[in-house]
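Notes to accompany the following structure.
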Amino acid sequence: MSENTDQQSGGLVLIIDDDPMILILAREALEKEGFVVEEASDGSRVLSMFSRLQPDIVLLDVMLPGIDGFTVCRQIREHPEGKNTPVLMMTGLDDIESIKRAYDSGATDFISKPFNWFVLGYRVRYMLRASRTLHALDSSRVSLSYAQRIARLGSWEWNVENDRMHWSDAVNEIFNVDPQDLDKSYQAFLNFVHPLDKELVSSAIEGALTNNKPYSIDHQILLPDGSERFVHSEAEVIADKNGKPVRMSGIMQDITERKEAEKRIKDLAYYDSLTGLPNRILFKENLEHALAHAERKNTKVATLFLDLDRFKWINDTMGHSVGDLLLQAFAGRLKNTVRKSDSITHDNLSQSSYSIARLGGDEFTIILDDINRAQDAAIVARRILEETSQLFVIDGHEVFVTASIGISIFPDDGNDIVTLIKYADTAMYHAKDLGKNHFQFYSSDMTDNAFKFLLLENQLHHAMERNEFEVHYQPQVDMLSGEVICVEALIRWQNPELGMISPATFIPLAEEIGLIVRIDEWVLTSVCRQIKAWEKDGLPPVRVAVNLSGQNFMQKNLSDRISTILTATGVSPDRLELELTEGVLMRDGKETITTLDELKGMGLSLAIDDFGTGYSSLSYLKRFRLDTLKIDRSFIKDIASDSDSEAIVAAIVSLADSMKLRIIAEGVETVEQLTFLCGLQCNRMQGFLFDRPMTSSNMSSLLREGKNYSGRLHMDA
Ligand code: C2E
Ligand code: MG
Ligand code: MG
């Protein structure tokens with residue numbers, strides 16, 4: 001605009017009119033009000049004058065010789081400087097058509113002839129003021145949006161009632177979208193939030209609406225091209241006079257660069273630059289967290305200290321650069337090993353998490369979080385020693401390294417990180433003393449147990465091929481007749497090094513290391529062969545109960561596998577009863593029901609073993625087609641001394657009766673127990689009172705002689 005506008009005058013007015021009278025009167029009226037006036041009497045020179053003078057306001061007559069006023073107005077609007085200059089068009093009175101055309105051609109306002117010259121000055125002054133305000137607003141809007149763009153800061157507003165949302169160009173830029181492609185709603189907005197942060201953002205927004213309180217959070221967004229960015233979001237709620245939220249207004253700022261810088265700083269402070277592993281500081285923080293977590297969950301944490309054997313020698317003879325490369329390769333192998341031992345073989349470890357750190361030099365640590373037994377740490381330590389002692393090829397050199405590992409266990413060895421670190425370190429030196437490539441627990445008892453456990457595991461892997469398993473049989477008796485109605489097959493493991501190991505010890509281990517399905521299949525096959533052999537020998541037919549671990553039900557083809565065994569051995573399905581645990585039923589799932597139906601359909605009997613120790617309810621049992629309930633030994637044991645147990649047994653018996661299930665009591669050892677059970681009409685029993693589990697040949701003799709147990713009732717009463 002013209003330079004001399006504000007200080008010296010009220011502004012520069014350009015009047016265009018072909019009527020000299022109007023020009024004179026207007027000039028006089030406006031100059032009196034302090035304006036500087038320039039005039040033109042036709043439209044042809046207007047544009048050049050406009051460029052030269054850059055007036056603050058134009059008064060333009062609609063009727064001009066040559067080019068009419070509307071055309072001139074349009075030309076002014078197209079002029080680079082004329083977009084915002086107020087143009088006041090002078091029309092004839094009541095000339096509605098001209099008024100409409102004036103607005104159409106871009107006029108700011110109109111004034112009708114004849115003029116009130118006194119009012120004209122005011123009119124012009126107020127138009128100018130409005131125009132300047134608009135201009136100031138416009139330029140502050142431009143500079144605000146410019147500033148916002150630089151700051152990557154956008155704003156949004158959400159009408160809660162009709163779910164319309166508006167967001168600024170800067171938000172479009174942050175989201176990297178074309179605003180035309182979007183129907184803007186709350187859901188559309190939320191769609192940009194990273195799936196991991198959706199919960200956070202939606203609960204912040206909903207919380208703000210509920211409590212009428214602003215929120216301020218950092219979260220990630222996921223852009224249409226798949227890239228992820230960090231934003232800072234703040235918003236507040238605008239409520240109506242009743243306090244009901246009607247709108248929400250917020251800002252969003254892209255803080256990706258800041259977050260990245262923070263991460264770089266954190267990386268420098270917390271990570272080892274050679275291997276990228278957490279350093280000593282982060283290791284301690286992680287251990288602190290792990291202890292707090294384990295304390296809450298009542299689990300254990302193992303701290304493993306690992307030190308390479310002979311690393312100094314490698315460094316000295318092959319040079320530091322080979323040493324560095326070896327440490328990197330070692331770190332990589334360590335990560336792989338721990339990750340693998342995590343879940344593949346050991347169910348127990350699948351819950352746990354781990355973190356590896358390098359403390360400096362050739363010292364590493366591994367935290368195993370959330371473990372149940374100290375042995376789990378031994379499994380990991382052993383695997384680390386196995387894997388890391390394999391050959392490394394570094395820069396063309398073949399390098400062998402071994403390591404020594406010390407382990408301390410929370411809470412067994414100590415409750416705080418200082419103690420646990422010190423003890424793991426001590427244990428590590430102890431391992432080195434033992435000749436390197438070893439691991440040691442801080443407590444020698446734990447080391448002993450861990451070695452026993454590992455030996456057991458190792459032996460169990462070979463037990464099948466070395467023919468160390470055997471099936472024993474225990475009779476189940478019907479006290480009404482005294483006859484054997486069924487025999488339970490129970491596996492036995494005789495190991496040359498470890499002696500006889502109870503199934504109560506090795507079955508859980510076999511489940512854990514994934515051997516149980518093969519073992520159960522082996523038992524089933526042996527049992528079927530035995531049934532066939534008894535048949536051949538002309539012994540009276542007897543049903544055999546076989547225990548099946550729940551893990552068999554996780555395999556899809558259980559009924560097929562059993563059917564194959566039956567066919568291969570030529571055994572009729574009605575000779576077999578399968579003993580399942582309540583856990584199998586509790587797992588629910590359609591697949592379990594289907595499998596059980598298939599097994600029933602094949603003609604097998606189904607029993608629930610150790611009944612009463614799980615949490616099956618009556619309604620639960622109804623869903624399955626079962627034949628037998630076996631009351632758990634623990635209730636029978638306490639019958640004579642504990643009235644609760646008596647009540648439970650009585651309840652289970654009547655439950656079984658009402659569901660038309662066979663019932664059998666396990667672990668009957670005394671005549672007292674037997675008498676009590678008979679009193680409840682629970683006549684089927686199994687236990688040491690009748691016979692202990694015995695070898696198959698002893699069972700053959702027993703069946704051949706047709707042993708009768710009626711005498712037991714009066715034995716020592
Ligand atoms: P279970 O199926 O409840 O078997 C009964 C257990 O109680 C057997 O222990 C048996 O020897 C013992 N027992 C029988 N009568 C008495 C008694 O009067 N008093 C006492 N104190 N105990 C008695 P065992 O043979 O040590 O088996 C333990 C568990 O191992 C079995 O409990 C079963 O759950 C599991 N098991 C045994 N064989 C197999 C198998 O082939 N496969 C699977 N998956 N599990 C098996
Ligand atoms: Mg059983
Ligand atoms: Mg049992």
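Just follow the structure's listing: the first ligand is 1, and inside any ligand the first atom is 1.
When the heavy atoms of Asp691, Leu490, Ile501 are ranked by distance to atom 31 (C) of ligand 1, first place goes to Leu490. By heavy-atom distance, the residue among Pro503, Ala665, Ala489 lying nearest atom 24 (P) of ligand 1 is Pro503. The residue among Gln476, Arg633, His472 with a heavy atom at the shortest distance from atom 12 (C) of ligand 1 is Arg633.
Atom OE2 is the N/O/S atom of Glu488 found closest to the Mg ion (ligand 2). For Asp609, the N/O/S atom at the shortest distance from the Mg ion (ligand 2) is named OD2.
Residue contacts with ligand 1 for Asp609 involve side-chain atoms from C-beta outward but no N, CA, C or O (heavy atoms, distance under 4.0 Å). Heavy atoms of Ser549 found under 4.0 angstrom from ligand 1 belong to the backbone as well as the side chain. At a heavy-atom distance under 4.0 Å, no atom of Gln686 approaches ligand 1. Looking at Val668 against ligand 1, only its backbone comes within 4.0 Å, counting heavy atoms.
If you check the side chains of Asp520 and Asn552, you find a donor sitting under 3.5 Å from an acceptor. Counted by atom type alone, Glu470 and His472 present one or more donor-acceptor pairs between their side chains at under 3.5 Å.
Look at Arg492 and you'll find a heavy atom under 4.0 Å from some atom of ligand 1. Taking 4.0 Å as the cut-off, Arg692 does not count as a neighbour of ligand 1 on heavy-atom distance.
A cation-pi arrangement is not found for Arg712 relative to Tyr709, the charged atom failing to lie both closer than 6.0 Å to the ring centre and inside a 45° cone about the ring normal.
At least one N/O/S atom of Glu579, from backbone or side chain, sits under 2.8 Å from the Mg ion (ligand 2). Under 2.8 Å from the Mg ion (ligand 2) lies no N/O/S atom of Glu666, from backbone or side chain alike.
Between Val523 and ligand 1, no N or O atom pair is found at a separation short of 3.5 Å. Considering backbone and side-chain atoms together, Gln474 places an N or O closer than 3.5 Å to an N or O of ligand 1. Residue contacts with ligand 1: Phe688 is placed with a nitrogen or oxygen under 3.5 Å of a nitrogen or oxygen of the ligand (distance criterion only).
Between Glu521 and Arg518 there is no salt bridge, since no side-chain nitrogen of the basic residue lies less than 4.0 Å from a carboxylate oxygen of the acidic one. Between Arg373 and Glu512 a salt bridge is recorded (basic side-chain N to carboxylate O distance below 4.0 Å).
Heavy atoms of other residues, nucleotides or ligands lying less than 6.0 angstrom from NZ of Lys432 number more than 12.
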Does the pair Gln440 and Ile407 meet the rule for a side-chain contact (heavy atoms from CB on, under 4.5 Å), with working shown? CA-CA 6 Å; Gln440 278 291 310; Ile407 308 170; over 6 Å; no
May I have the step-by-step check of ring-ring contact (aromatic ring centres under 6.0 Å, His included) for Tyr429 and Phe305, ending in yes or no? CA-CA 10 Å; Tyr429 279 104; Phe305 253 63; 9.2 Å; no
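With Glu666 as reference, Lys630 is the one residue of Arg633, Lys630, Arg684 to meet the salt bridge (charged side-chain N to carboxylate O under 4.0 Å, His left out) rule.
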